[in-house]
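Below, all heavy atoms of this structure are taken into account, side chains as well, without hydrogens, waters or symmetry copies. Residue numbers begin at 1 in each chain, while the letters A, B, ... track the order of the sequences.
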Amino acid sequence: MKKILIVEDDPILLKIYTAKFSKNGYEVVAASGGEEGIRKVGEEKPDLVIVDLMMPKVDGVEVLRKLKSNEETKNIPVAILTVIHHETVDLPKDLLDQVVYYWIKDQVNPSDVLNDVKKILGDN
Amino acid sequence: MKLSVKLAILIFFAISLAIIISSLAIPPLINLIVKPLPNDNLMLRVVGYFVAFFAIAVVCIIPISIAVWFILAKMIIGPVVNFTRVTKIISSGNLGERIKSFSKDEIGDLGRNINTMIDHLAGAFQNMANSLKNEKNKEKELALNLHQLMIEKAKDDALLTSMGDAVIAIDRDKKILVFNKAATDLTGVNLNEALNAFYENILVFVEEKEGVPVDDFIKGALMGMEDKKLKHIAIVSRSGQRLPVSYSLGIVYDNDKNIVGVVVVLRDITYERMLDKMKDEFLSIASHELRTPMSAIKNLISMIFEGDYGEINQGLKDPLKDIGTSTERLIQLVNDMLDVSRIESGRLKIIIEDVQIKGLVEEVVKLMQPLVLQKQIKLIAENIGSEIIRTDANKIKEVLNNLIGNAIKFTDQGQVAVSAKKAGNLIYISVTDSGIGIAKEDQSKLFSKFSQVNTNQFVRPPGTGLGLYISREFVRKLGGDLWIERSEEGKGATFTFSLPVLQIGNFAQI
């Protein structure tokens, strides 16, 4: 069973994604903070990491940067949840290039995310 | 008449008179005195002659001498005594005395000369007194001016010292002439060190964030170049501290329009930057905190709908759909209000890059196709050239979203078309629909906040009333404008916005 690690600090959103993914055959590991996320990626070695960049209390960009610069974790695909709209997160282009996929939170629902995840992991 | 002549005449007459009288008097006197005397007494005869001559003297010589003496006194001695008197008075300081009467000879001339001399003396003294008075007046005036200048300087000093902004005046040789207290506070450099120093050694400007050096705008100003109005610069103080500043430059010219120097006013905007940061943080947190629960609601609704939580009662489908719609509206409203917040607090972030209009329009049109499918109208893009313009792509996407969305909302048949045309440095993009149109009287209120045409509760189309306001602000911040090109009730509408192809000025961040 493929493993997805989600870095998300809102408990309800976490519950939603976990429900969606686990119902469709994925093992879901959750991390509600940056430190925890980085540590767990190293420990659990998931097949995909999904980082929510729009967490008010956690710097998602920092997490992404650390994952991509750490030898152990840099090859694990990371997808990001970001925001709609004309606001752009200050994601430097070099980091954006290392992201395998991004979703605009307000425009997708969990089913859309699931379909994309299946595509990313080659499980169509 | 010359004195010598007068004296000669006097002597002539005196002697003549003396001789005549004695000639006339001597024989009778001798007859009278000597003749009766015995001839043989010589002694007696001699005494007799003596008496006779004595008598002549008394009768003639003495009166004549006295007369001569009187005349001489009047002619010479009198005036001389007068001269002595007058000159004594003069030399005691009273320059008012003058010789009063003049005989017609050298003595008289002397008298006149003495008077003239006194006049000149008096004149000279008067001139000196006048000069002294002038000098005194000038001194007083000078003292007054000096006093005035000192007051002015004290005022200027007080002004400069009390100014919160740093004021630095630099002459064309790049030396600092004025450096007020605020300048010292800002740079950590004392007045005596700054005065007459080269400004480059005292004022060091860098980029606010990265700390890399910036263009020397002072040098530019001294050479007469127009100020590029650099933003986000900081000054590096003696202690190495980097302080964000805003500046204004005034070039000083002389009467011949030559540049004499430059006055730089610097303001420490650390506080303003902090406020901006606080505003940004607030907006950021507000948007995240608001979005998170709304995202959750939206996601849960869709998952419930899709049966992820088990099959749902048919009767629930409709209310669930309505919850979904309401949530969408709420999300849109929050987004819009955050935008308005950003616009009004001046914290709107703009990123300029090369954007191909055709691609942008086609992307938005494609994304909005689902909306028109439900309505049996067409949404097309036509006549979009392959212009590349420098603008903020995401903002323009929003504007197109809003205009096309509105067009679709108000159109039940026909089509919505997006077109573009270029004229000079501007590109005009229009969204034309064949919908219900907007009455002239409603058109003016369109772009104000929370305006909605048709306030009938039941027919009010979903929308926040902020879309057009935000769209216009976005376009204006990008150097263009948005307006209703044409509309009539029942005859559709055309909204047009303009954008500059090339940005004038530096827009990277507001």
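Around the NZ atom of A/K40, the shell of radius 6.0 Å holds more than 12 heavy atoms that belong to other residues, nucleotides or ligands. Within a 6.0 Å sphere centred on CE of B/M368, heavy atoms belonging to other residues, nucleotides or ligands number more than 12. Enclosure of atom CZ in B/F282 is not indicated, since only 12 or fewer non-hydrogen atoms of other residues, nucleotides or ligands lie within 6.0 angstrom. Surrounding NZ of B/K321 are at most 12 heavy atoms belonging to other residues, nucleotides or ligands under 6.0 Å away. Remark: A/Y102 OH is loosely packed, at most 12 non-hydrogen atoms of other residues, nucleotides or ligands lying under 6.0 Å away. A 6.0 Å sphere centred on CD of A/E35 holds no more than 12 heavy atoms belonging to other residues, nucleotides or ligands.
Looking at B/K298, only its side chain comes within 4.5 Å of chain A, counting heavy atoms on both sides. A/K15 does not touch chain B: none of its heavy atoms, backbone or side chain, sits under 4.5 Å away. In this structure, chain B has a heavy atom under 4.5 Å from the backbone of A/V108, while its side chain stays farther away. At a 4.5 Å heavy-atom cutoff, the contact between B/S302 and chain A is made by side-chain atoms alone.
Taken to the nearest 0.5 Å, the CG atom of B/D308 stands 7.0 Å off from the CG atom of A/N24.
Shown are A/L13, A/D9, A/I12; of these, the side-chain contact (heavy atoms from CB on, under 4.5 Å) with B/T292 is made only by A/L13.
Under the 4.5 Å side-chain criterion, counting only non-hydrogen atoms from C-beta, A/N109 is in contact with B/E306.
Nearest heavy-atom pair, A/P110 versus B/N299, reported as atom, atom and distance to 0.1 Å: CD-OD1, 3.2 Å.
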